[in-house]
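Scroll down for the structure; my scribbles are underneath it.
The analysis underlying the following values was restricted to heavy atoms, covering all of them including side chains, and did not include hydrogens, waters or symmetry mates. Order of the sequence lines sets the chain letters (A, B, ...), proteins ahead of strands, with each chain counted from 1. Just so you know, these numbers come straight off a predicted model, no measurement behind them.
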2 protein chains.
Amino acid sequence: MMNSSLTHLCPATPIAVNQQEAANVVALHGQATRRIAEQRAQLSGSQQIAEALALVNDSLAPQRQMVRAGDVICQAGERFSCLYLLNSGFVKIVSLSSDGREQVVGLKFRGDWLGFDGIANQRYSCDAIAMDTGEVWAIRYEALLEASLRRPALLNLLHQAMSREIANDRDSLMSVCTLPADARVADFLRYWADALANRGLRTDQIKLRMTRAEIGNYLGMTLETVSRALSRLAKAGLIEFAEGGRRDILIPEVDALRSFIQGGMTQAPALLQ
Amino acid sequence: MMNSSLTHLCPATPIAVNQQEAANVVALHGQATRRIAEQRAQLSGSQQIAEALALVNDSLAPQRQMVRAGDVICQAGERFSCLYLLNSGFVKIVSLSSDGREQVVGLKFRGDWLGFDGIANQRYSCDAIAMDTGEVWAIRYEALLEASLRRPALLNLLHQAMSREIANDRDSLMSVCTLPADARVADFLRYWADALANRGLRTDQIKLRMTRAEIGNYLGMTLETVSRALSRLAKAGLIEFAEGGRRDILIPEVDALRSFIQGGMTQAPALLQ
DNA sequence: CGACCTTTTGATAGTAGTCAAATGAAGTGG
DNA sequence: CCACTTCATTTGACTACTATCAAAAGGTCG
């Protein structure tokens, strides 16, 4: 429903480049690349994200689109044309196998990109579904490429985002493969807290916008197991439920979660039994 | 041991670009991008890979490096400077968590790239370890960026490779999260067979160069479970062991494996009991 | 308030992990 | 060439973790 407007209205990027500028760009690109990367490393996570968003906004005038929980940002099978940059809100990435298995394969926050999976085959391979109201910026891939030739920082941004996604996916796989259920849920909460912290948000209270079933799907376990794991973590004092509802989770110390994930339960052993 | 020579000797790329050429490149990049992508889609998998290797070879004169089983191509924590393109052989990607968990997070074949995970933080986050004799091409990332400004096809190649890796990692996660042990092992064999087929190689016999323990680690199960799963698949007639050793596996019909993965065991139900 | 969805918790079953032993394969040195 | 060591693999017995089934409680929205 919202796809059509969102996909096709991206404004063309002005390509007024004189020859001198173009030549300079080519020559400077390599050195600039490293300098840019090192500059970025000095910024905090939220500063990096804000800067990245600003750069994209200035260079590309992306098509902004409000989304509400449940909206489909891009759909598996749909022809690839745009990448999406999440300015606010929260998105889940869902993969559907040929035989009908459905799997949440990723979660995206402010500053994350969506749609990289579409580049290879010119079709998206996953659905991206908003879990909350927010704003996504649609960026025509070809416009992005063109702009990135004039702005080394833009190409860097793109590659860093893709690289981060690859590293992130591997972490997910590691978590699913090596951790027992309770630790996997703890690691999920830690991941979420880190994502918030990295964006300059409070990390002690998490408002989960996913059902137990969605969390379980993402972590490769059933919703009952998620529920039991959360109960056990709460009993161990590693988390607390907010009075309002059980969707909101308080994390007194993220480090306590971390050590639980690592050691099984070297921390707080007395509390657990 | 081999790292020093491999990492530091990448030759600088010649950057003889006149201004006219540079300007043309910028203007043509966007259109060329789509045309190139569509041309590539018409080629077979092995042709695409051969063409990609040829393009990189011609554009970048990569540093070639022979590797033997066990050689470390790049190591987690090491400073990022090169991407690696696998020309022949077979490589596993191993991630090591801070608390010592070790996880095989990927397998690479001819035409696959290594090291994308290093772009984001300027350090590799995984080890890449050769499982077999082969040849890797080291490509300085900055040289690649410079060259890709002059050759749209090169940038496309890079992005497609990263995109494919992202899609691939998600498939792995889906497999681990949704399939029971036997189907996961079957899916692993199917994946391997597809990788071979995609490179124009015989797909009916697979020479596994991994121990049961490595396979189990990759699939998130114990080596005993892998062994039992293989025995059950063999009993069901879906695979056969070569007489030589149990490392070589014959797959009479890959499609039979596929339907086993999907349906549990709608195929060959009588055989299984 | 009632319909519906989510979550929790218990009881039970089943899958995969752990421990252990035996067999098989491969390389080393006498 | 064979004995011997070592590592990989298979298989069995048992345990444990997680899934499944079921019921009740908690929340949400018309």
Kindly say if [X] contacts the phosphate of [N], meaning a side-chain N or O under 4.0 Å from OP1 or OP2.
{"X": "B:R247", "N": "D:dA8", "value": "no"}
{"X": "A:T225", "N": "D:dA19", "value": "yes"}
{"X": "B:S231", "N": "D:dT11", "value": "yes"}

Determine the minimum heavy-atom distance between A:Y218 and A:V105, stating which atoms define it.
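Looks like CE1-C, 4.0 Å.
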To the nearest Å, how far apart are [X] [atom1] and [N] [atom2]?
{"X": "B:I215", "N": "D:dA8", "atom1": "CD1", "atom2": "C1'", "result": "12 Å"}
{"X": "B:I239", "N": "D:dT10", "atom1": "CD1", "atom2": "C1'", "result": "14 Å"}
{"X": "A:L219", "N": "D:dA19", "atom1": "CG", "atom2": "C1'", "result": "15 Å"}
{"X": "B:L233", "N": "D:dT9", "atom1": "CG", "atom2": "P", "result": "16 Å"}
{"X": "B:E224", "N": "D:dT11", "atom1": "CD", "atom2": "P", "result": "13 Å"}
{"X": "B:D248", "N": "C:dA25", "atom1": "CG", "atom2": "P", "result": "12 Å"}
{"X": "A:R212", "N": "D:dA25", "atom1": "CZ", "atom2": "P", "result": "19 Å"}
{"X": "A:L223", "N": "C:dT9", "atom1": "CG", "atom2": "P", "result": "13 Å"}

Does the pair B:D255/B:R258 count as a salt bridge with the N-to-O cut at 4.0 Å?
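Here B:D255 pairs with B:R258 in a salt bridge, since their nearest N and O are under 4.0 Å apart.
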Sugar-phosphate, base or nothing in reach of B:R228, heavy atoms under 4.0 Å:
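Base contact.
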Sugar-phosphate only, base, or nothing, as touched by A:L230 at under 4.0 Å among non-hydrogen atoms
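Counting heavy atoms under 4.0 Å across all strands, no contact is made by A:L230.
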Five pairs per end, C1' atoms only: what is the angle between the end axes of the helix from C:dC1-D:dG30 to C:dG30-D:dC1, to 10 degrees?
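Computed angle between terminal axes is 40°.
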With no hydrogens and no angle check, is any side-chain donor or acceptor of A:D71 less than 3.5 Å from a backbone partner on A:R68?
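Such a contact is found between A:D71 side chain and A:R68 backbone.
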Give a yes or no on whether the backbone of A:A76 and the side-chain of A:D127 come within a donor-acceptor separation of less than 3.5 Å.
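Checking the backbone N and O of A:A76 against the side chain of A:D127, a donor-acceptor pair under 3.5 Å is found.
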Side chain proximity check, [X] to [Y], heavy atoms < 4.5 angstrom:
{"X": "A:L208", "Y": "A:F188", "result": "yes"}
{"X": "A:E214", "Y": "A:K92", "result": "yes"}
{"X": "A:E165", "Y": "B:R170", "result": "yes"}

With DNA chain C as reference, determine whether B:E243 or B:T222 sits nearer its 5' end, using the nearest nucleotide of each.
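Counting from the 5' end, the first nearest nucleotide belongs to B:T222.
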Out of D:dT20, D:dT18, D:dT9, whichever nucleotide has its closest atom nearest the side chain of A:P180:
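Closest nucleotide among those given: D:dT18.
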Would you indicate which nucleotide in D:dT10, C:dT8, C:dG17 comes nearest to any side-chain atom of B:M221?
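Of D:dT10, C:dT8, C:dG17, C:dG17 is nearest to the side chain of B:M221.
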Pick the nucleotide of DNA chain D nearest each of B:A213 and A:D182; which residue has the one closer to the 5' end?
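Result: B:A213.
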